[in-house]
Amino acid sequence: MRKNNFVRLFFGALFLTLLNFACTTNSKPTSEAAQPAELSAEELVVRGEYLVTIMGCNDCHTPKRMGANGPELIPELLLSGYPGDRPILDLSSEMTQQGFATFYPDLTGSSGPWGMSFAANLTPDATGIGAWTLDQFKKAMKEGKYKGLDGTRALLPPMPVENFKNIEDEDIAAIFAYLKSIKPVKNVVPAAVPPAGM
């Protein structure tokens with residue numbers, strides 16, 4: 001009987017040792033498996049559209065009109081920014097001076113302690129990002145540089161630059177590919193207004 005217990009104990013310990021070894025062995029994937037598959041041009045655009053949608057880019061960069069269920073995107077103005085032909089309202093107020101922000105009803109313009117800012121035209125028109133390079137777009141998104149150029153001012157609120165500092169280059173490329181694929185909209189967005197100019 002003692003011999004049977006010893007055999008059971010031995011094989012039980014051996015089983016647990018092998019199981020532990022199998023579960024804790026660091027098997028590193030090959031470099032092929034670690035790299036995501038390269039997307040085709042069409043897949044890149046689809047991925048970019050998905051990212052633009054879930055990241056809320058339309059919230060500020062697409063003009064809206066009131067519909068039966070509240071604000072609705074104006075499809076023909078998709079991602080064209082603050083309408084340049086719209087009058088600029090005086091949004092300065094005592095609350096703005098205390099740190100509050102005010103938004104236009106369609107969210108394409110806002111004011112706060114930073115002054116007034118207007119959502120950029122992200123369409124591939126010359127008045128938008130038509131002449132931009134991928135490197136410019138990357139610098140704008142990751143570093144918050146106006147027009148993606150060194151020596152320019154910072155992008156202003158409500159652009160959530162801090163949220164995008166660590167975005168993957170592949171995602172930047174997908175977003176850029178999507179934006180370059182949409183309908184160009186000619187729209188010159190007004191320049192930002194500094195606090196002193198409000």
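Residue indices begin at 1 and follow the sequence shown.
Within a 6.0 Å radius of NZ in K186, no more than 12 heavy atoms belonging to other residues, nucleotides or ligands are found.
Side chains of S117 and S110: a donor on one and an acceptor on the other come within 3.5 Å. Side chains of T133 and D135: no donor on one and acceptor on the other come within 3.5 Å.
Nearest heavy-atom pair across D106 and R86 is OD2-NH2, 2.8 Å. Residues A173 and L134 come closest through the heavy atom pair CA-CD1, 3.9 Å. Listed here is the closest heavy atom pair of I88 and M116: CG2-CE, 3.7 Å. The two residues F118 and P190 come nearest to each other via the heavy atoms CD1-O, 3.6 Å.
Side-chain heavy atoms closer than 4.5 Å link hydrophobic residues (I, L, V, M, F, W, Y) into clusters, and following such links, even through other members, never connects L122 to L107. Residues W132 and L149 do not share a hydrophobic cluster, clusters being chains of Ile/Leu/Val/Met/Phe/Trp/Tyr side chains in contact below 4.5 Å. The hydrophobic cluster containing L77 does not contain L179, counting ILVMFWY residues as joined when their side-chain heavy atoms lie under 4.5 angstrom apart, directly or transitively. Cluster annotation: M141 is connected to I129 through the hydrophobic network of ILVMFWY side chains, with a link wherever side-chain heavy atoms come within less than 4.5 Å.
Contact check for R65 versus P71: no side-chain heavy atoms found under the 4.5 Å cut-off.
A salt bridge links D150 with K139; the closest basic N to acidic carboxylate O contact falls under 4.0 Å.
Of the possible donor and acceptor atoms, none in the side chain of K64 sits under 3.5 Å from a partner among the backbone N and O of T108.
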Exercise for the section: Report the C-alpha separation of N121 and S80 in whole Å, then their side-chain angles, then the decisive distance to 0.1 Å, and conclude whether the side chain to side chain donor-acceptor pair (under 3.5 Å) test is met. Expected result: CA-CA 4 Å; N121 181 350; S80 63; 5.5 Å; no

Practice task
Evaluate the salt bridge (charged side-chain N to carboxylate O under 4.0 Å, His left out) criterion for residues K138 and D169: first the C-alpha distance (whole Å), next the side-chain angles of each, then the deciding distance (0.1 Å), finally the verdict.
Solution key: CA-CA 8 Å; K138 183 177 172 182; D169 288 349; 3.1 Å; yes

Practice task
Give the intermediate values and the outcome of ring-ring contact (aromatic ring centres under 6.0 Å, His included) for residues Y82 and Y104.
Solution key: CA-CA 10 Å; Y82 179 90; Y104 276 75; 5.1 Å; yes

